[in-house]
> 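Next up is a structure, given as structure tokens.
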There are 2 protein chains.
Amino acid sequence: MMPDDLHPGAAVAARPLYQQVHDHLLGRIVAGEWPPGDYLPSEQRLAASLGVALGTVRRALDELVQEGVVERRQGRGTAVLRHSSDRARFRFFRLVGPDGSRIVPKGRVLTARQRIARAEEARGLALAGGAEVLALTRERRVGSRVLVHETIALPLPLFSRLQVPVGQDLAEELYVLYQRDCGVTVARAEDRVSPEAASIPVARSLGVAPGTPILRILRIAFGLDGTAVEHRVSRTARLEYAVAIE
Amino acid sequence: MMPDDLHPGAAVAARPLYQQVHDHLLGRIVAGEWPPGDYLPSEQRLAASLGVALGTVRRALDELVQEGVVERRQGRGTAVLRHSSDRARFRFFRLVGPDGSRIVPKGRVLTARQRIARAEEARGLALAGGAEVLALTRERRVGSRVLVHETIALPLPLFSRLQVPVGQDLAEELYVLYQRDCGVTVARAEDRVSPEAASIPVARSLGVAPGTPILRILRIAFGLDGTAVEHRVSRTARLEYAVAIE
DNA sequence: GAGTGGTCTAGACCACTAG
DNA sequence: TAGTGGTCTAGACCACTCC
């Protein structure tokens, strides 16, 4: 139930009511009260149970929609977003072909093992030195051609229940598995793109000559509560990184 | 004044009222009725003059704020955004140092001349073949070190009044000059980042060995009305391209 | 037909800015 | 003090979904 200081009358609310409602609902979603795919109570019910006006709940939900946490469906209700593979790809996959076409390479995990986080990974994930991670290497192909090579580090306690089939094409995007197996929802990410000369193993994997200029994309992904949940380095020689600045 | 079909009673509005109000206001802004820096009439006045409720005007203005067209100032009013150099940098300048620090290199235009658009430029700007552009080459430095080399193409009819001092550091970002001299407001941009081996002239400019892997960033920038207004290729060896995916 | 979100209205009070 | 945007409320009608 809503704490009393959520009501407009009580004291001077430091934060606007609709933001408090937003935080309150997000907290309950993160806590798992409504798992991905579930419907929240209707706006009317939420407003009544929280003791606020309909418009205030709507504004809070507007923000959750904006943040990609929930989705409205007219006539049905408001549902917590499940990361479908399509949606994850559309939102987080930024690589396109040289002609601008959206490329959708199949992902295949090559190796998965536990190890101590490297210094860069520990820094990116805000882990203590010596912390363990689940390390994946992955390739994304179109046909037999490897277009992207990835090294992914996931903090172990969070991802101990992850089930990744090794050596076969994945039907789902990884973010879908994170959510399904581990309850981890990727809400936000920060990418850094830099140029690099292909090392010998990377060149072999991507099918280019060693020393070829390639893109190195470092991604740190964050969960709903703002903690870093994934450290990913992607390398590609033939694709481009595309961004729209709105 | 507002056309009659803006009123909710008239016919069945295909588009929601607040979107019609949004388009109507954007149209008047693009037409120059309120130049950058000017204040719009108050929300009350707009609502009264357009014959809609306050909340409807507010929602339309919300969208214009979201799109970066106007800015609200409590107690003062709603102003059309002027591209300040700081704001333009923050929004459109995506390069950071290897340590993630935000780098703010001084820009200096090296050459400015009219020429026929190259094929790639004509395509990016949606110009007819043989159309003329104003072509700028620019360097961005920190101290004496060149960090970014840029080639910029601007459609000539639109930019004939552009005043760019050549050979000296620019106090303002180019987007500020576009707006001030030519009435062109950059509202949106699309970037494409690809890897490249530094050519001999680029390598000389950036102070690296020829063949060094560098980033090539192609930007197409769009005006308020959605037309392409700038074709820009930036090259950098030492900076990284940073993006937050929200 | 019942219930949901989407839109629109009307009016209140507050916080901030400026003269 | 007057005017502005920021927040919050209350209630209406519509479009859509599902039974």
Side-chain angles (χ1 to χ4, degrees), chain A residues 2-25 34 37-81, chain B residues 2-25 34 37-81:
Chain A
M2 209 64 153
D4 283 337
D5 62 0
L6 247 171
H7 292 273
V12 176
R15 293 162 58 68
L17 237 197
Y18 69 88
Q19 278 184 29
Q20 298 178 49
V21 172
H22 163 274
D23 294 353
H24 173 86
L25 292 175
W34 305 291
D38 269 28
Y39 282 88
L40 270 58
S42 75
E43 301 177 344
Q44 284 287 4
R45 271 179 223 283
L46 283 174
S49 78
L50 299 179
V52 301
L54 189 62
T56 304
V57 168
R58 281 191 62 79
R59 184 148 179 195
L61 289 176
D62 280 344
E63 298 211 335
L64 289 174
V65 169
Q66 193 70 23
E67 295 160 12
V69 178
V70 302
E71 183 182 56
R72 287 196 168 107
R73 294 167 199 166
Q74 191 176 67
R76 300 184 62 185
T78 303
V80 178
L81 263 183
Chain B
M2 208 64 151
D4 283 336
D5 61 1
L6 244 171
H7 292 273
V12 176
R15 292 162 58 70
L17 238 196
Y18 69 88
Q19 278 184 28
Q20 298 179 49
V21 172
H22 163 274
D23 295 353
H24 173 86
L25 292 176
W34 305 291
D38 268 28
Y39 283 88
L40 270 57
S42 76
E43 301 177 344
Q44 284 287 4
R45 270 179 224 283
L46 284 175
S49 78
L50 300 180
V52 300
L54 189 62
T56 304
V57 169
R58 281 190 62 78
R59 185 150 177 193
L61 290 176
D62 281 343
E63 297 209 337
L64 289 174
V65 169
Q66 193 70 23
E67 295 161 12
V69 177
V70 301
E71 183 183 55
R72 286 194 167 108
R73 295 167 199 164
Q74 191 176 66
R76 300 184 63 186
T78 303
V80 178
L81 264 182

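None of the values given here were measured: they were computed from a predicted structure. Below, read A as the first sequence line, B as the second, and so on, with proteins coming before strands; counting in each chain starts at 1. Computation of the quantities below employed the complete heavy-atom set of this structure, encompassing side-chain atoms and omitting hydrogens, waters and symmetry-equivalent molecules.
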> Kindly write out the residues that satisfy side-chain hydrogen bond (donor to acceptor under 3.5 Å, both in side chains) with Gln19(B), not counting sequence neighbours, or none if the list is empty.
Arg15(B)
> Salt bridge (charged side-chain N to carboxylate O under 4.0 Å, His left out) with Arg73(B): which residues, sequence neighbours excluded?
Glu71(B)
> According to salt bridge (charged side-chain N to carboxylate O under 4.0 Å, His left out), does anything in residues 52-61 of chain B pair up with another residue at least two apart or in another chain? List the pairs.
Glu43(B)-Arg58(B)
> For Ala60(B) and Val21(B), which heavy atoms make the closest approach, and how far apart are they?
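Where Ala60(B) meets Val21(B) most closely, the heavy atoms are CB-CG1, 3.6 Å.
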> Got a sec, which residues hit side-chain hydrogen bond (donor to acceptor under 3.5 Å, both in side chains) with Glu67(A), two or more places apart in sequence or on another chain?
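Glu67(A) satisfies side-chain hydrogen bond (donor to acceptor under 3.5 Å, both in side chains) with His22(A) only.
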> Using the side-chain heavy atoms of Arg45(B), tell me which of these nucleotides is nearest: dC8(C), dT4(D), dG6(C).
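Selected nucleotide (nearest to the side chain): dT4(D).
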> With respect to the side chain of Ser42(A), which nucleotide from dG5(C), dG6(D), dT9(D) is positioned closest?
dG5(C)
> Among residues at least two apart in sequence or on other chains, which ones pass side-chain hydrogen bond (donor to acceptor under 3.5 Å, both in side chains) with Gln66(A)?
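Gln66(A) satisfies side-chain hydrogen bond (donor to acceptor under 3.5 Å, both in side chains) with no other residue.
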> Strictly under 3.5 Å: I want the nitrogen or oxygen pairs between protein and nucleotides 16-19 of chain D, one per line.
unit_1, atom_1, unit_2, atom_2, d
dC16(D), O4', Gln74(A), OE1, 3.0
dC18(D), OP1, Arg76(A), NE, 3.0

> Check DNA chain D against residues 54-65 of chain B and give the residues with a non-hydrogen atom under 4.0 Å, in numerical order.
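Of all residues in residues 54-65 of chain B, the ones placing a heavy atom under 4.0 Å from DNA chain D are Arg58(B).
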> Report the distance from atom CG of Leu50(A) to atom P of dA10(D), rounded to the nearest whole Å.
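Distance check: Leu50(A) CG to dA10(D) P gives 14 Å.
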> Rounded to the Å, how far apart are Gln19(B) CD and dG6(C) P?
13 Å
> Return the value, rounded to whole Å, for the distance between atom CG of Leu17(B) and atom P of dA15(D).
14 Å
> With Asp62(A), which residues qualify under salt bridge (charged side-chain N to carboxylate O under 4.0 Å, His left out), at least two apart?
Arg72(A)
> Distance check needed: dT7(C) P versus Glu43(A) CD, whole Å only.
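From Glu43(A) CD to dT7(C) P: 11 Å.
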> Give the rounded distance in Å between these two atoms: NE2 of His22(A) and P of dC8(D).
14 Å
> Which residues pass the side-chain hydrogen bond (donor to acceptor under 3.5 Å, both in side chains) test with Arg45(A), sequence neighbours left out?
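Once residues adjacent in sequence are excluded, Arg45(A) has no partner under the side-chain hydrogen bond (donor to acceptor under 3.5 Å, both in side chains) criterion.
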> Within the pair Tyr18(B) and dC8(C), is there a side-chain N or O less than 4.0 Å away from OP1 or OP2?
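No, outside the criterion.
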> Does Thr78(A) put a side-chain nitrogen or oxygen below 4.0 Å from OP1 or OP2 of dG5(C)?
yes
> Hey, is the side chain of Arg72(B) poking within less than 4.0 Å of OP1 or OP2 on dT4(D), counting only N and O atoms?
no
> Describe, as an angle rounded to 10 degrees, how the axis at the first end of the helix from dG1(C)-dC18(D) to dA18(C)-dT1(D) is tilted relative to the axis at the last end, five pairs per end.
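Rounded to the nearest 10 degrees, the bend comes out at 10°.
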